[in-house]
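Worksheet: one structure, shown below.
The structure presented is a predicted model; accordingly, all values stated were derived computationally and were not measured. We use all heavy atoms of the structure for the numbers below, so side chains are in, but hydrogens, waters and symmetry mates are not.
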2 protein chains.
Amino acid sequence: MKIITAEEFAKKWNDRTEIDTNEAALDETVLEIIRTVREKKDAALYAYTEQFDGATLDDLLVPEEEFSEAEKIAAPELVTALKEAAENIRNYHSEQNEKSWMISQDKGILLGQKVTPIERVGAYIPGGKAAYPSTVLMTIIPAQIAGVEEITITTPPDKDGKVNPYVLLAAKLIGVERIYKVGGAQAIAALAYGTETIKRVDKIVGPGNAYVARAKKWVYGTVGIDMIAGPSEICVIADAEANPRYVAADLLSQAEHDESASAICVTTSKEQAVAIQKQVAEQTEKLERKEIIQASIETNGKIIIAKDLTEAANVSNKIAPEHLELMVEHPIELLPKIKHAGAIFLGNYSPEPLGDYFAGPNHTLPTSGTARFASGLGVYDFVTRSTIISYPQEAFVAASESIKTLATVEGLTAHANSIQVRKDEL
Amino acid sequence: MKIITAEEFAKKWNDRTEIDTNEAALDETVLEIIRTVREKKDAALYAYTEQFDGATLDDLLVPEEEFSEAEKIAAPELVTALKEAAENIRNYHSEQNEKSWMISQDKGILLGQKVTPIERVGAYIPGGKAAYPSTVLMTIIPAQIAGVEEITITTPPDKDGKVNPYVLLAAKLIGVERIYKVGGAQAIAALAYGTETIKRVDKIVGPGNAYVARAKKWVYGTVGIDMIAGPSEICVIADAEANPRYVAADLLSQAEHDESASAICVTTSKEQAVAIQKQVAEQTEKLERKEIIQASIETNGKIIIAKDLTEAANVSNKIAPEHLELMVEHPIELLPKIKHAGAIFLGNYSPEPLGDYFAGPNHTLPTSGTARFASGLGVYDFVTRSTIISYPQEAFVAASESIKTLATVEGLTAHANSIQVRKDEL
């Protein structure tokens, strides 16, 4: 793992990750899939599932038996862990619940904001080799708290046409049983436009591969989407007192996601940098996903030396990381200097996997520096806000000339007319 | 204006507006502009401004003299109206301000959500023949309330290289003086990627034509965007007692925006439908923008007859209109039945232009049925939310086995390692 200075980092950082506007080949494939699903509907889904997942399906919907099988094979400690996690996620997200409000002003004016749950939400859960029951909990519990009535899951099947049992287990645990065996861009198209079997939704959430991300970008506008997720990232700010074993282990926990994941440490101590570097090398050797980790650390890993914690915070603010750990003696004192990060972990005993799985805050977080403008998934993603205006006659009359002035200056004379017809009758 | 029944409407409604995924020619032009701006920066902006706006500029930045000239020509009642509107907008949006929060749980656990303003925002203000000072107030005041520090406006110049004076007046009134003379897709590219003169921003907001909307879709991900705006819409629910002159005037006020704007009335009374139809025809004749209005009413205008107010609300919920007027005797009683609408106007004296210009709630609202999943612009669009997790040792130990179980089942063993290295040292 390279060690560089904050100045060296600042010079290079201009080439931060940017969404490529020129992925012509990917777009062609994705658009072709979307068009085919819109046209041939279910037939297209069966065909693509055969082509991409190698599975010949009789039915897209996961049958009751597959849920029962999943419950049979699940170890009791897994069920317990999922239940605990679900409760923590529910508790945390309940705090995000928004209420409608109304305020009154002079002359009997009422103004307000009405909060309404989105009606139909589709959650995409990645499948294949990796199983993500935690993503089921993280994407769906906030929607349930918001009051979303219809929740649909799509997830790709394996070659035998089966869906990952842990995904089913997590879904059943929180009461979602409408799961369709479809993955990739075809799942996103089905959720956005609907087929004979899959009802179209109002918003699509959940992570996925490059095809899923690109398809979400294309259907955005027809439906809402949560975000376009990129590779996972961690930034750890460590002072001289931090435990280098912990820092290294947490960097590696993000590096194992995939080769393009990014693990960055910012430290105020040169000795610490060397100690972490050593721990990273040592621990990597013993880890199962060693090859992915080495590739990720080689390409994107770095340890940056900052002159003090303020500079360290500034470096982190430039990165705007998905996950940020403050492994410093007084993390709460550093917090006000942190501007943008998806999730912030304080102290030695709040490692990133605690947030991924258990503590309650969401693990669907903004990646690739998008924490500059985006937030993690939350209850706020599953509601719409309508503004409310109620003016009585007297208040209307008092406002009328100003409205006409503004409408006229903008050349919108029918707007002015809407005011004038009322004045004419008073 | 056609009169149809709710059943006829329901049958047709499946062909609701959908974002076209196949605008190849538009995309080609827009992507070419984005690529050129990224490569040639300012030089590209000068060239495109000459090509598209017919203006040869010496400087992209609006000089102090243009602001002074704008102040000179402005009528005092316009300045007063803008000031009143700005104050109302400020008052309303202040209610949307979000606070950071922190909760404590057993074993010393702290969980929280930190709200931080976005650092740099760019507002696109349409220009050309139409002047939109109200859009300046509506896009920028919420950003200011959120605490955004750097706000940039771009707006296209006219042939003489001048920016609309009312836009300058509104901007100066609320303290924004960094305005660049650039419009179209080239302005969006400049804000997203930066040039020598224009600093790149974190989020772009504001309405625009098809090129602007498409460019926003393309840069989404590199920067945040507010929404992709389509043509304007209004839906008026009117009972037998509503004043048909008012209903007609309000329908026409949306129809004048452009030929693709949509004005729909849902009424519980056949007599009312006929009276409104008559008023629409009569008032149209006297309006300046008669031709646009006729085209819009012809294509998208309709009066729908519902059997009662519940059915009327259901029709409106299907449309999910940008603007919804409840011109009924007891509008507040109908409100709970309304699910999705950008802005809701209650009663005879709350016409839509009151919201466009004056009352305080935002006029940048979700169009084309996107109110099913999106909300109008608000303070919430200008902040990011970071989650906070702080576990002390005891709480960590209690959670550790469940976290390892979940990580292991997902095959993420380096995640489990991050827990284990801590346990090893305890």
Side-chain angles (χ1 to χ4, degrees), chain A residues 18-19 21 34 77-78 81 84 92 111 116 118 166 202-203 218 221-222 224 228 245 249-250 252-253 256 287-288 339 341 343-346 349-351 353 355 357-359 361 372-373 375 384-391 393 396 399 402-403 405-407 409-410 413-415 417-418 421, chain B residues 18-19 21 34 77-78 81 84 92 111 116 118 131 166 202-203 218 221-222 224 228 245 249-250 252-253 256 287-288 339 341 343-346 349-351 353 355 357-359 361 372-373 375 384-391 393 396 399 402-403 405-407 409 413-415 417-418 421:
Chain A
E18 275 166 3
I19 301 290
T21 49
I34 294 175
E77 63 268 26
L78 175 61
E84 287 172 344
Y92 179 85
L111 300 176
T116 309
I118 291 176
Y166 303 119
D202 299 316
K203 186 160 185 169
W218 277 107
T222 296
I228 297 168
R245 287 192 69 196
D250 298 356
L252 297 174
S253 77
E256 81 168 331
L287 289 168
E288 260 178 48
K339 286 188 181 166
I344 307 170
F345 301 81
L346 309 188
Y349 295 101
S350 310
Y357 290 115
F358 196 79
R372 288 175 297 124
F373 55 81
S375 310
T384 60
R385 304 172 187 92
S386 307
T387 60
I388 298 169
I389 297 176
S390 175
Y391 263 49
Q393 184 182 309
F396 167 78
S402 288
I403 302 171
T405 301
L406 291 165
V409 100
E410 293 196 356
T413 42
H415 281 62
N417 176 62
S418 146
V421 294
Chain B
E18 275 166 4
I19 302 289
T21 49
I34 294 175
E77 64 269 26
L78 175 61
E84 286 173 343
Y92 179 84
L111 299 176
T116 310
I118 290 176
Y166 303 120
D202 299 316
K203 187 160 186 171
W218 277 108
T222 296
I228 297 169
R245 286 193 70 196
D250 297 356
L252 297 173
S253 78
E256 82 168 330
L287 290 169
E288 260 179 47
K339 285 188 181 165
I344 307 170
F345 300 81
L346 309 188
Y349 294 100
S350 309
Y357 290 114
F358 196 79
R372 288 175 296 122
F373 55 81
S375 310
T384 61
R385 304 171 187 93
S386 307
T387 60
I388 297 169
I389 298 176
S390 175
Y391 263 49
Q393 185 181 311
F396 168 78
S402 288
I403 302 171
T405 300
L406 290 164
V409 100
T413 43
H415 282 62
N417 177 62
S418 147
V421 294

Most contacts with chain B, counted as non-hydrogen pairs under 4.5 angstrom, among A:Ile389, A:Asn417, A:Leu346: A:Ile389
When B:Ala359, B:Gly355, B:Ala399 are compared by non-hydrogen pairs under 4.5 Å with chain A, the top option: B:Ala359
Side chain / backbone / both / neither for A:Ile388 at chain B, heavy atoms under 4.5 Å: both
Contact leader toward chain A among B:Ala341, B:Pro353, B:Ala343, B:Ala249, where contacts are heavy-atom pairs under 4.5 Å: B:Pro353
Over 12 foreign heavy atoms within 6.0 Å of CD, A:Glu288: no
A:Ser375 side chain to B:Thr384 backbone, donor-acceptor under 3.5 Å: no
Partner chain B: residue of A:Ser390, A:Pro361, A:Ser253 with the largest heavy-atom pair count (under 4.5 Å): A:Ser253
Side chain / backbone / both / neither for A:Gln393 at chain B, heavy atoms under 4.5 Å: both
Main-chain N/O of B:Leu78 paired with A:Thr405 side-chain donor or acceptor, under 3.5 Å: no
Per-residue contact mode, A:Tyr166 against chain B (heavy atom under 4.5 angstrom): side chain
Largest heavy-atom contact set with chain A, pairs under 4.5 Å, which of B:Phe358, B:Tyr92, B:Phe396: B:Tyr92
Gap separating the NZ atom of A:Lys339 from the OG atom of B:Ser386, nearest 0.5 angstrom: 12.5 Å
Any donor-acceptor N/O pair, A:Glu256 side chain to B:Ala414 backbone, under 3.5 Å: yes
Most contacts with chain A, counted as non-hydrogen pairs under 4.5 angstrom, among B:Thr413, B:Thr116, B:Val409, B:Leu252: B:Thr413
Whether A:His415 and B:Tyr357 hold their rings parallel, tilted or perpendicular, with breakpoints at 30° and 60°: perpendicular
B:Leu287 portion near chain A, given a 4.5 angstrom heavy-atom threshold: side chain
Closest approach of B:Thr222 to A:Arg372 (non-hydrogen atoms, all atoms of both residues): O-NH2, 2.9 Å
